[in-house]
Protein chains: 2
Amino acid sequence: MSAVGGYCSWAEPLTDVERAIETVINQFHCYAVKGQKEYLTPNEMQELVVQKLPHLGKCVGPLDEKIECMGDPDEAKLEFGEYWDMMGDAAKGCRRK
Amino acid sequence: MSAVGGYCSWAEPLTDVERAIETVINQFHCYAVKGQKEYLTPNEMQELVVQKLPHLGKCVGPLDEKIECMGDPDEAKLEFGEYWDMMGDAAKGCRRK
């Protein structure tokens, strides 16, 4: 097992759910430029939401507010766990519709 | 916008990240039989991990322990938010590898 692009690789193919989780992980890495894959800034998170969650982002009014509350748009740090929680908010927001 | 199978549908196609989040949501609905899409039992969660996270499940030792700590394997209730958190644990577990 070896880590490729920050994600494990296995001999056998991943399941659909594993590929889905990998996709969500990879977006974090793609947008976490300033934090070198360790954190997102509010600006980077906002960019991700606009570009990658054009639909889900609409289900979740507070997502924008949460990003604003994170602090300095270019200095505050959103680590992977918090990013995953925000993706969960988007998922919950959409489930309730 | 209308909810289809518990997920919103839009005119334009979803992005890859939105489809990924939809996949993780849909697994919850698939396995949440007893709770009629509202919650998973520990047994159902364990079944999901074994069948759908054959690789990621290995990155996360405590996932099994967490499921065991949930209480009665057929009565305890794991709601969507807790399910999403556990998927996040699997994702974090793999990111560290």
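In what follows, chains are A, B, ... by sequence order, proteins preceding strands, each numbered from 1.
Close approach to chain A, defined as a heavy atom under 4.5 Å from one of its heavy atoms, is seen in B:Q51, B:K52 of residues 42-52 of chain B, taken by number. Of residues 72-85 of chain A, those residues lying under 4.5 Å from chain B by any heavy-atom pair are A:F80, A:G81, A:W84, A:D85.
Not a single donor-acceptor pair under 3.5 Å links the side chain of A:Q27 to the backbone N or O of B:V17.
A:I21 is listed as a side-chain neighbour of B:L53, based on a closest heavy-atom distance under 4.5 Å. In this structure the side chain of A:V24 never reaches within 4.5 angstrom of the side chain of B:V24, judged on heavy atoms.
Distance check, rounded to the nearest 0.5 Å: CD of B:E22 to NE2 of A:H55 gives 11.0 Å.
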